[in-house]
Amino acid sequence: MTLYSLIALVIGLGIAGVIIGAIVSPDFRRNLGILFGKGNNKLTTAVERELALIAEQEAIVAKASRQASDLRGTLNNERNKLTAANAAVDTANADLDLAISMAKGKKADITDAELEQDPIVAQQAANVQTATGERDIQAQTVASIESTVAVTKQAVADAQLAHGIDQLRHE
């Protein structure tokens with residue numbers, strides 16, 4: 001291999017590396033734009049470049065805020081499902097109470113063992129267990145989303161404070 005072919009190989013690999021870096025990394029593209037004076041034509045002073053960075057951070061915080069809002073909507077939906085699950089448990093308990101009272105109406109001195117053997121009472125008891133299980137699962141889902149919403153809200157607030165976004169908006 002001659003010296004010229006080695007130099008050509010190194011230059012070719014360098015160009016390929018720059019092209020791959022520009023394709024893969026947005027930060028690399030931005031740095032190339034700054035290096036070659038493109039993409040930053042309007043930002044001629046350090047203050048303008050800092051304001052552009054602040055605007056970029058504001059966009060990131062705004063996106064996170066929208067995602068937090070979406071998460072709150074999901075939380076409200078899951079809370080509605082929990083309310084429905086609580087109503088289902090109440091209905092199942094009322095049906096079980098009705099089945100027990102009907103079984104006692106047939107036989108005044110019915111024992112607990114006989115109540116358990118009654119097919120209607122057994123079915124209603126199974127319905128109560130199913131509804132209670134579903135409600136408990138939904139309650140866990142709501143609790144999980146509530147904690148996620150709290151963490152997300154705090155992260156957005158911390159990001160706003162860290163970047164001084166609220167102060168900039170009021171100036």
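Predicted, not measured: the structure shown is a model, and the values here were computed from it.
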I need the minimum non-hydrogen distance between [X] and [Y], along with the two atoms involved.
| X | Y | value |
| --- | --- | --- |
| Leu82 | Ala139 | CD1-N, 3.7 Å |
| Leu71 | Thr152 | CD2-OG1, 3.7 Å |
| Ala99 | Gln124 | CB-CG, 3.9 Å |

Kindly compute the distance separating [atom1] ([X]) from [atom2] ([Y]), expressed to the nearest 0.5 Å.
| X | Y | atom1 | atom2 | answer |
| --- | --- | --- | --- | --- |
| Leu98 | Thr91 | CG | OG1 | 12.0 Å |
| Leu3 | Ile7 | CG | CD1 | 4.0 Å |
| Ile100 | Asp118 | CD1 | CG | 9.5 Å |
| Ser25 | Ile20 | OG | CD1 | 12.5 Å |
| Arg135 | Thr130 | CZ | OG1 | 12.5 Å |

Find out whether [X] and [Y] are in side-chain contact, i.e. whether some heavy atom of one side chain is under 4.5 Å from a heavy atom of the other.
| X | Y | result |
| --- | --- | --- |
| Glu116 | Val121 | no |
| Met102 | Ile120 | no |
| Val89 | Val128 | no |
| Ile23 | Phe28 | no |
| Asn127 | Asp95 | no |

Taking side chain to side chain donor-acceptor pair (under 3.5 Å) as the criterion, tell me which of Arg79, Glu78, Lys81 meets it with Gln138.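 Testing each of Arg79, Glu78, Lys81 against Gln138, the sole residue satisfying side chain to side chain donor-acceptor pair (under 3.5 Å) is Glu78.
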Testing the 3.5 Å rule here: is there a donor-acceptor pair between the side chains of Thr141 and Ser144? no
Test Asp158 against Gln154 for side-chain hydrogen bond (donor to acceptor under 3.5 Å, both in side chains), laying out the working first. CA-CA 6 Å; Asp158 291 347; Gln154 187 60 45; 2.7 Å; yes
Does the Glu114 side chain pair with the main chain of Thr111, one donor and one acceptor, at a distance under 3.5 Å? yes
May I ask whether Leu6 and Leu13 are part of the same hydrophobic cluster, defined by side-chain heavy atoms of I, L, V, M, F, W, Y residues being less than 4.5 angstrom apart, directly or through others?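 Yes; Leu13 is reachable from Leu6 via cluster members.
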